[in-house]
2 protein chains.
Amino acid sequence: MEATLDNLKSILAASNYKLTAQRKIILQILIDNRGEHLSAEEVYNIVKTEDPGIGLATVYRTLELFCELGIIQQLTFDENCRRYELETGEEHHHHLVCSKCGKVIEFNDEVLEEFESELEKKYSFKVTEHKIKFYGYCEDCQ
Amino acid sequence: MEATLDNLKSILAASNYKLTAQRKIILQILIDNRGEHLSAEEVYNIVKTEDPGIGLATVYRTLELFCELGIIQQLTFDENCRRYELETGEEHHHHLVCSKCGKVIEFNDEVLEEFESELEKKYSFKVTEHKIKFYGYCEDCQ
DNA sequence: TAAATATTGATAGCCATTATCAATATACTA
DNA sequence: TAGTATATTGATAATGGCTATCAATATTTA
Ligand SMILES: [Mn+2]
Ligand SMILES: [Mn+2]
Ligand SMILES: [Zn+2]
Ligand SMILES: [Zn+2]
């Protein structure tokens, strides 16, 4: 189920977390920027326009918490910078990242699910997570 | 073509780099540890047993250079620790990483190559590189 | 309302990796 | 072979994203 401002309180309460103004603001920002893949620093800069008093540590903590709760997922296009996006509840997707302009194209998971099943059988390995990224040049940058 | 101690000099010279004792030692260590996925720190610890005078910065620099030259490739099973392995010149492979015992299983690329071609057509995207990892539990750890 | 508990902001600390720079080694030339 | 240009090295300081700490504050529950 996708997180909204309305169900955030119950999502938090289910794990004994409290609903705070900071958490609401950060979720709102993630929702407003659906389709983007924001870093903690970027979220922080947006947050400050709404509540200049908020701390950077709170942004990091909140993003980590939202990951733990399945509200968002963490991405790493470029090491030394973690990015985040809303977990939609729909099917997974992965990313094509343009090495020149930075554009990110999303594609769905279907074919990979099949491949994953084959791997599981072949190696008696129980897959819990996969991280897949393609790098190259987008149509405009070739 | 796979790098050896014999062709290292010409590989380096082709890009105006010099052959040094440190570079030879580090390549030898990577060859001796084929199949492992060593971090810079781990390479450094092995290096020191052969030449205690070698600097950590040199290990980092050399691994970076070897990547640039295609002698090795960089891996990231766990962020905040880059790992390296010899580029064999044979077909690519990717990794299943056990979240419990850390075991790494390698699998080949074939199916993914196909999938990649489809993506390129569908999105007019020229893929130059892909990073793919599966996480989960190996046979012994399930 | 009060008590228990979770959360916050400020800031110090962490740590893998990079940058700096003077000293040294390599490769090329005469 | 000696000399020169250039690349490389080791030591170490710096970087930067992220995490830990902690007293003050907010939220929840009774
Ligand atoms: Mn996405
Ligand atoms: Mn491997
Ligand atoms: Zn582009
Ligand atoms: Zn295992």
Side-chain angles (χ1 to χ4, degrees), chain A residues 5 7-27 29 37-69 71-84, chain B residues 5 7-27 29 37-69 71-84:
Chain A
L5 283 186
N7 64 16
L8 179 60
K9 178 156 187 168
S10 55
I11 293 174
L12 290 168
S15 301
N16 275 91
Y17 294 116
K18 293 173 177 175
L19 180 65
T20 65
Q22 293 88 338
R23 288 172 179 166
K24 278 195 281 191
I25 290 174
I26 291 172
L27 178 58
I29 286 169
H37 303 89
L38 301 175
S39 67
E41 199 74 30
E42 287 167 351
V43 171
Y44 178 58
N45 288 330
I46 299 171
V47 163
K48 276 192 302 187
T49 65
E50 301 188 24
D51 175 357
I54 202 164
L56 178 57
T58 297
V59 174
Y60 275 101
R61 278 185 299 235
T62 303
L63 291 172
E64 186 188 8
L65 176 65
F66 284 0
C67 277
E68 178 194 326
L69 295 174
I71 294 174
I72 61 178
Q73 70 170 315
Q74 186 190 101
L75 309 166
T76 314
F77 297 151
D78 158 29
E79 348 193 336
N80 68 26
C81 180
R82 301 179 194 165
R83 297 188 166 277
Y84 300 87
Chain B
L5 283 185
N7 65 17
L8 179 59
K9 178 157 187 167
S10 57
I11 292 173
L12 290 167
S15 302
N16 275 91
Y17 294 115
K18 294 175 178 175
L19 180 65
T20 66
Q22 293 88 339
R23 287 171 181 168
K24 278 196 282 191
I25 291 174
I26 290 171
L27 178 57
I29 286 169
H37 305 87
L38 301 175
S39 66
E41 199 74 31
E42 287 166 350
V43 170
Y44 178 58
N45 287 330
I46 299 172
V47 162
K48 276 193 300 188
T49 66
E50 301 188 27
D51 176 356
I54 203 166
L56 178 57
T58 297
V59 173
Y60 275 101
R61 278 185 299 232
T62 302
L63 291 172
E64 185 188 9
L65 175 65
F66 284 1
C67 278
E68 179 193 325
L69 294 173
I71 294 174
I72 60 178
Q73 70 170 315
Q74 185 191 103
L75 308 167
T76 314
F77 297 150
D78 157 29
E79 348 191 336
N80 68 28
C81 180
R82 300 181 195 165
R83 298 186 166 277
Y84 301 87

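In this text, all values refer to a predicted model and were calculated from it rather than measured experimentally. Values below: all heavy atoms of this structure, side chains included; hydrogens, waters and symmetry mates excluded. Chain letters run A, B, ... following the sequence lines, proteins first and then strands; every chain starts at 1.
Summarising the geometry, the separation between CD on B/Glu79 and P on D/dG16 is reported as 19 Å, rounded to the nearest angstrom. If you take NZ of B/Lys24 and P of D/dA7, they are 20 Å apart, rounded to a whole angstrom. In this structure, B/Arg83 atom CZ and C/dT17 atom P are separated by 10 Å, rounded to whole Å. What separates CG of A/Asn80 from P of C/dC15 is a distance of 18 Å, to the nearest Å. Regarding B/Leu8, its CG atom lies at a distance of 14 Å from the C1' atom of D/dT8, rounded to whole Å. Here the P atom of nucleotide C/dA25 and the CG atom of B/Leu12 are 18 Å apart, to the nearest Å. The separation between B/Lys48 atom NZ and D/dA11 atom P is 11 Å, rounded to whole Å. Between B/Asn16 atom CG and D/dA7 atom C1' there is a gap of 10 Å when expressed in whole angstrom units.
For B/Lys18 and D/dT9, the shortest distance from a side-chain N or O to OP1 or OP2 is not below 4.0 Å. For C/dA6, neither phosphate oxygen OP1 nor OP2 lies less than 4.0 angstrom from any side-chain nitrogen or oxygen of A/Arg23. Regarding contacts with the backbone of D/dG17, every side-chain N or O of A/Arg82 stays at 4.0 angstrom or more from both OP1 and OP2. Applying the 4.0 Å criterion to OP1 and OP2 of D/dA7, one finds that B/Thr20 has every side-chain N and O outside that range. A close approach under 4.0 Å does not occur between any side-chain nitrogen or oxygen of B/Gln22 and OP1 or OP2 of C/dA25.
Inspection of the B/Thr76 and A/Glu79 side chains reveals an N or O donor paired with an N or O acceptor under 3.5 Å.
For the contact set between residues 56-68 of chain B and DNA chain C, defined by any heavy atom under 4.0 Å, the members are B/Ala57, B/Tyr60, B/Arg61.
Proximity of A/Leu8 to A/Tyr17: side-chain heavy atoms (C-beta onward) are nowhere separated by under 4.5 Å.
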